[in-house]
Amino acid sequence: GERAYPLEQVEKLRLIKRLMGQGWRPGKLLATPDADLASLAGPAETPVAAEDKGALAAGVVELIRSHDTPALGSALRQALHRQGLQQFVLESVSVLNRAVGEAWMRGEIQVFEEHLYTEQMQALLRQAIASLPPGTGRPRVLLTTVPEEQHVLGILMTEALLMLEGASCVSLGTQTPLADIRQAALAHRADIVALSFSAAF
């Protein structure tokens, strides 16, 4: 309520924010002519309603149970492309992880089926992370889990969000011995060490 901005400037800023959520770097976007920004964005993202998330989770669990791996991969990719990486990680991945975990606890899916989902989600997040421009700035974040913690989805989700913000990330994967975490942090001059723990751990 302190300043007034022209509507076209507000729309441009909204568009830049959306593009940043898709992985574009702010410096590149600000240097891009206004006419070209809209073509980079593609169709507008819409917030994921609670019922849509519930339907996505139910559909994913059903695809896991039916052993339709291509359709499962396609459903996850479509959700990512429809929502953009940031919204997908923040609003859908945790819902899907919880739904799959609860289906396993109820005996609706087997361990191998839960592992299939996890592998599909890991592959999708790794592919999305690989498509982002490398972070060159600060902070430099080292990501891993401690020994015996095998769950990697938490660090992949965190890495995706940090890289969207321009952080420089170094992932060691899972189960890094404590002394090696310290050595890696020193070797990579990490500003932050991010450790992920699953509820089971």
Side-chain angles (χ1 to χ4, degrees), residues 17-29 45 56 60 64 69 72-101 104 111-201:
K17 182 177 185 282
R18 204 167 104 217
L19 287 163
M20 287 171 61
Q22 293 175 1
W24 293 90
R25 299 298 296 274
K28 174 160 180 56
L29 294 174
E45 296 168 12
L56 175 63
V60 163
I64 293 168
T69 307
L72 173 61
S74 177
L76 295 176
R77 282 191 302 275
Q78 286 175 6
L80 169 61
H81 292 303
R82 189 168 52 249
Q83 298 170 32
L85 181 56
Q86 184 178 46
Q87 188 176 345
F88 180 68
V89 170
L90 288 174
E91 296 191 16
S92 293
V93 178
S94 58
V95 171
L96 291 171
N97 293 349
R98 190 175 302 112
V100 171
W104 173 77
V111 171
F112 78 90
E113 294 168 320
E114 187 266 342
H115 284 199
L116 173 68
Y117 160 78
T118 301
E119 285 299 313
Q120 291 286 313
M121 183 62 79
Q122 286 177 21
L124 180 62
L125 290 175
R126 284 193 170 108
Q127 183 179 23
I129 289 167
S131 72
L132 295 173
T136 55
R138 295 288 184 178
R140 182 172 291 126
V141 185
L142 182 77
L143 301 107
T144 189
T145 70
V146 295
E148 298 182 32
E149 174 53 272
Q150 301 177 34
H151 295 85
V152 73
L153 280 179
I155 58 176
L156 287 172
M157 293 166 68
T158 303
E159 183 179 4
L161 294 175
L162 289 169
M163 287 193 66
L164 284 171
E165 296 297 328
S168 177
C169 294
V170 178
S171 178
L172 302 180
T174 61
Q175 303 190 77
T176 305
L178 298 181
D180 290 289
I181 294 174
R182 179 182 181 275
Q183 289 179 346
L186 293 171
H188 290 280
R189 297 188 179 121
D191 300 303
I192 298 169
V193 175
L195 302 176
S196 175
F197 300 89
S198 63
F201 186 85

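Along the sequence shown, residues are numbered consecutively beginning with 1.
Separation of atoms CZ (F88) and CE (M121) is listed at 4.0 Å; rounding is to 0.5 Å. Between the CG atom in L56 and the CD atom in E91 there is a gap of 11.5 Å [rounded to 0.5 Å]. How far CG of L143 is from SG of C169: 5.5 Å, rounded to the nearest 0.5 Å. Here the straight-line distance linking atom CG of L172 with atom CG of L142 works out to 4.5 Å at 0.5 Å rounding.
Between Q86 and L90 the shortest side-chain heavy-atom distance falls below 4.5 Å. Side-chain contact between L80 and L76: absent, with no pair of heavy atoms (C-beta onward) separated by less than 4.5 Å.
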Tell me which donor-acceptor pairs under 3.5 Å the side chains of residues 157-165 have, and how far apart each pair is, sequence neighbours excluded?
| residue | atom | partner | partner atom | Å |
| --- | --- | --- | --- | --- |
| T158 | OG1 | G154 | O | 2.9 |

Quick one: side chains of residues 123-133, donor-acceptor pairs under 3.5 Å with protein atoms, not counting sequence neighbours, listed by atom name and distance.
| residue | atom | partner | partner atom | Å |
| --- | --- | --- | --- | --- |
| R126 | NH1 | Q122 | OE1 | 3.4 |
| S131 | OG | A128 | O | 2.7 |

Which donor-acceptor pairs under 3.5 Å do the side chains of residues 177-185 make with protein atoms, sequence neighbours left out?
none

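The ring-ring contact (aromatic ring centres under 6.0 Å, His included) analysis of residues 169-199, with sequence neighbours excluded, yields the pairs F197-F201. Within the structure, side chain to side chain donor-acceptor pair (under 3.5 Å) contacts touching residues 137-154 (residues at least two apart or in different chains) are R138-D191, T144-T176, E149-H151, E149-S198, H151-S198.
Here A99 pairs with A57, V61 under the side-chain contact (heavy atoms from CB on, under 4.5 Å) rule; sequence neighbours left out. Applying the side-chain contact (heavy atoms from CB on, under 4.5 Å) rule to E114 yields the partners V100, I109, T118; only residues at least two apart in sequence or on another chain are considered.
Of all the heavy atoms in N97 and Y117, the pair that sits closest is OD1-OH, 2.6 Å.
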